[in-house]
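Report on the structure given below.
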Amino acid sequence: MESIGVMLTCPMNPYLEQELDKRFKLFRFWDYPSSKEFFKEHSNSIRAVVGNSTMGADAEMIEALPKMEIVSSCSVGLDKIDLARCKEKKIRVTNTPDVLTEDVADLTIGLILAILRRICESDRYVRSGSWKGGDFKLTTKFTGKSVGIIGLGRIGLAVAKRAEAFDCPISYYSRTEKPGTNYKYYPSVIELASNCQILVVACALSPETFHIVNREVMDALGPKGVVINIGRGSHVDETELVSALVEGRLGGAGIDVFENEPNVPEELFALDNVVLLPHVGSGTFETRKAMADLVLGNLEAHFLNKPLLTPVV
C-alpha cells in the first residue's frame, strides 16, 4: 500500500502521522502555501483523506480530488465533512466513535467540579500568595445537583453514568425519547434547562443543533446554572454566552470547544466563573493512539476490500 496517496489535512498526533508515512504515500496538506497549488500538483494522486474536527473534507476539496475513495476522520464528529457530496460520489466515510467516549465523559465531570468548586481559581489563589491573607471563599457542592444532558448518545450516557455516582438526578433532551433509560425526558431544550442546574452539551452538530444553547436557554438555566460544552463550539451562541456571564444571568461555564478555534472571546479571560480548555476532550496518549489505530484500520480495510471498521457512508 506504500504507493497509495493519502492526504493528511492538518497536523495531528505524531503517531498517526508516522504510521501513515510508513504505510502509504503521505501528502501533508499544510506543507503547501495554498490549497490551489496542492490540488494542481496532486489532485490525481490522492485516494484517501484523513481529517479531524479541525479540517475534514468539504465540497471544494471533494471536487478537487477526483480519485478520492475514502475520508477517514480522526474524530467522532462529522460536521467538517460534506456527507451528502460523499454519498453522491460514492466516497466512503469513517470516524472514530466509542474509543474517545470515556475520556470526554471524564473531562466533563472534571469541568463541572472545576466550576462548582472553583478549582482553577483556588490554584491561582495559592500561587499568588493570597492564602496568607485569609481563607478562600466558599464554593458549591456537586453531589446532588440536577444534571441535564443535550444528546443522550454514547458520550451523553457516559456522562450520565458518572454523574449518577454523585447522586445527581439526570434528565435529557434528544430528538426522540430513548427507550431503556430511567432518566427524565424533556421534549425541548428550554424545558430541560428550566429543570436542571448543570446543562451538558453532548449532541452532534447539525443545522438543527447550531446555537441550540441560545439566550433563551441560558436565561432558563438562570444565574446559578452552569453550561458545560464538550460537543462543538457552534452548539453555543458565544456572543450570548459572554453577555449572560458578564451580566450575571448565568452562573458559570466550562468550555472545551469554541466557535472559531483557536480564537476565544477575550471577554471570557477575565471571568473567574469559567474554565476554558483548548479542545482536549479526547486528548490523552491512550485515546489518541486508539483513534489513530482506528483511522489506520479503516484505511487498510478499504484498500484490502474488507469491511470498514466504523463506516458512516
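With a 6.0 Å radius and a threshold of 12 heavy atoms from other residues, nucleotides or ligands, Phe269 has its CZ atom above the threshold. The local environment of CH2 in Trp30 is crowded, with over 12 non-hydrogen atoms from other residues, nucleotides or ligands closer than 6.0 Å. No more than 12 heavy atoms of other residues, nucleotides or ligands lie within 6.0 Å of CD in Glu216, so this atom counts as exposed by the packing criterion. In the displayed structure, Arg124 atom CZ is contacted under 6.0 Å by more than 12 heavy atoms of other residues, nucleotides or ligands. Other residues, nucleotides and ligands place more than 12 heavy atoms under 6.0 Å from the CD atom of Glu247.
In this structure, CG in Asn195 is found 7.0 Å from OG in Ser171, a value given to the nearest 0.5 Å. Distance check, rounded to the nearest 0.5 Å: OG of Ser282 to CD1 of Ile230 gives 11.0 Å. Summarising the geometry, atom CE belonging to Met61 is positioned 4.5 Å from atom CZ belonging to Phe29; distances are rounded to the nearest 0.5 Å. Considering NZ of Lys224 and CG of Leu116, their distance stands at 12.5 Å, rounded to 0.5 Å. Annotation: the span from Leu26 atom CG to Ile46 atom CD1 amounts to 8.5 Å, rounded to 0.5 Å. Note that the CG atom of Leu277 and the CG atom of Leu107 stand 5.5 Å from one another [nearest 0.5 Å].
Here the side chain of Thr101 pairs no donor or acceptor atom with the backbone of Pro97 at under 3.5 angstrom. A donor-acceptor pair under 3.5 Å links the side-chain atoms of Glu261 to the main chain of Phe258, judged by distance alone. Checked by atom type and distance alone, the side chain of Gln197 pairs as donor or acceptor with a backbone atom of Ser146 at under 3.5 Å. Remark: side-chain polar atoms of Glu259 are paired, donor with acceptor, to backbone N or O of Glu238 under 3.5 angstrom. For the pair Thr284 (side chain) and Thr287 (backbone), a donor-acceptor distance under 3.5 Å is present. Here the side chain of Asp21 pairs no donor or acceptor atom with the backbone of Phe24 at under 3.5 angstrom. A distance-only check finds a donor-acceptor pair linking the side chain of Arg92 to the backbone of Val313 [under 3.5 Å]. Formation of a donor-acceptor pair under 3.5 Å by the His302 side chain with backbone atoms of Leu299 is not found in this model. Side-chain N or O atoms of Asn229 include one that pairs as donor or acceptor with a backbone N or O of Arg232 at under 3.5 Å. Using modelled atom types, one side-chain atom of Asn273 and one backbone atom of Gly251 make a donor-acceptor pair closer than 3.5 Å.
Considering only heavy atoms from C-beta on, Glu69 comes within 4.5 Å of Phe303 through its side chain. The shortest distance between side-chain heavy atoms of Lys80 and Thr54 does not fall below 4.5 Å. Looking at Tyr183 and Ile149, their side chains never come closer than 4.5 Å, going by heavy atoms from C-beta outward. Side-chain contact between Thr9 and Val50 is absent, with no heavy-atom pair separated by less than 4.5 Å. Residues Cys203 and His235 are in side-chain contact: their nearest non-hydrogen atoms beyond the backbone lie under 4.5 Å apart. Looking only at side-chain heavy atoms (C-beta outward), Ile228 and Val159 stay at 4.5 Å or farther from each other. Between Glu37 and Lys40 there is no side-chain heavy-atom pair separated by less than 4.5 Å. The shortest side-chain heavy-atom distance between Val274 and Ile255 does not fall under the 4.5 Å cut-off.
There is no path of hydrophobic side-chain contacts, each under 4.5 Å, that joins Val104 to Leu276. In the hydrophobic clustering of this structure, Leu296 does not group with Met291; members are Ile, Leu, Val, Met, Phe, Trp, Tyr whose side-chain heavy atoms approach within less than 4.5 Å, directly or through other members. Residues Ile70 and Leu294 fall into different hydrophobic clusters, defined by Ile, Leu, Val, Met, Phe, Trp and Tyr side chains chained together at heavy-atom separations under 4.5 Å. At a threshold of 4.5 Å between side-chain heavy atoms, the hydrophobic network of Ile, Leu, Val, Met, Phe, Trp and Tyr places Val200 and Leu157 in one connected group. In the hydrophobic clustering of this structure, Leu78 does not group with Leu309; members are Ile, Leu, Val, Met, Phe, Trp, Tyr whose side-chain heavy atoms approach within less than 4.5 Å, directly or through other members.
Shortest non-hydrogen contact noted between Cys74 and Asn52 is O-CB, 3.7 Å. Minimum heavy-atom separation, Gly148 to Leu192: CA-CD1, 3.7 Å. The minimum heavy-atom distance linking Tyr185 with Ser174 is given by the pair OH-O, 3.1 Å. Scanning both residues, Leu221 and Val226, for their nearest heavy atoms gives CD2-O, 3.5 Å. Of all heavy-atom pairs between Ser53 and His279, the closest is OG-CE1, 3.5 Å. For Ile115 against Gly252, the heavy-atom pair with the smallest separation is CG2-CA, 4.4 Å.
Under the side-chain hydrogen bond (donor to acceptor under 3.5 Å, both in side chains) test applied with Thr310, the options Thr96, Asn298, Thr94 reduce to a single match, Asn298. Partner of Glu17 under the salt bridge (charged side-chain N to carboxylate O under 4.0 Å, His left out) criterion, chosen from Arg28, Arg23, Lys22: Arg28.
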Exercise. Report the C-alpha distance between Arg215 and Asp237 in whole Å, list the side-chain angles of each, state the deciding distance to 0.1 Å, and finish with yes or no for side chain to side chain contact (heavy atoms under 4.5 Å, CB included).
Key: CA-CA 8 Å; Arg215 184 186 182 98; Asp237 185 329; over 6 Å; no
Self-check item: Evaluation steps, side chain to side chain contact (heavy atoms under 4.5 Å, CB included), between Glu267 and Ser243
Solution: CA-CA 9 Å; Glu267 298 94 328; Ser243 296; over 6 Å; no
Quiz item: Going through the distances and angles, do Tyr15 and Asp293 end up as a side chain to side chain contact (heavy atoms under 4.5 Å, CB included)?
Solution: CA-CA 9 Å; Tyr15 168 75; Asp293 286 337; 2.5 Å; yes
Quiz item: Passes side chain to side chain contact (heavy atoms under 4.5 Å, CB included), Val217 versus Ile212? Steps please.
Solution: CA-CA 8 Å; Val217 170; Ile212 194 168; over 6 Å; no
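Annotation: cation-pi geometry satisfied between Lys184 and Tyr186 (NZ/CZ under 6.0 angstrom from ring centroid, within 45° of ring axis).
Classification of the Phe166-Phe142 ring pair by plane angle, with boundaries at 30° and 60°, yields tilted.
Under the 4.0 Å criterion applied to side-chain N and carboxylate O atoms, Glu300 and Lys306 are not assigned as salt-bridge partners. A salt bridge links Glu121 with Lys137: at least one charged nitrogen is closer than 4.0 Å to a carboxylate oxygen. The pair Glu102-Arg162 meets the salt-bridge criterion, with a side-chain N (NZ, NE, NH1 or NH2) lying under 4.0 Å from an Asp/Glu carboxylate O.
Between the side chains of Ser130 and Ser128, at least one donor N or O lies within less than 3.5 Å of an accepting N or O.
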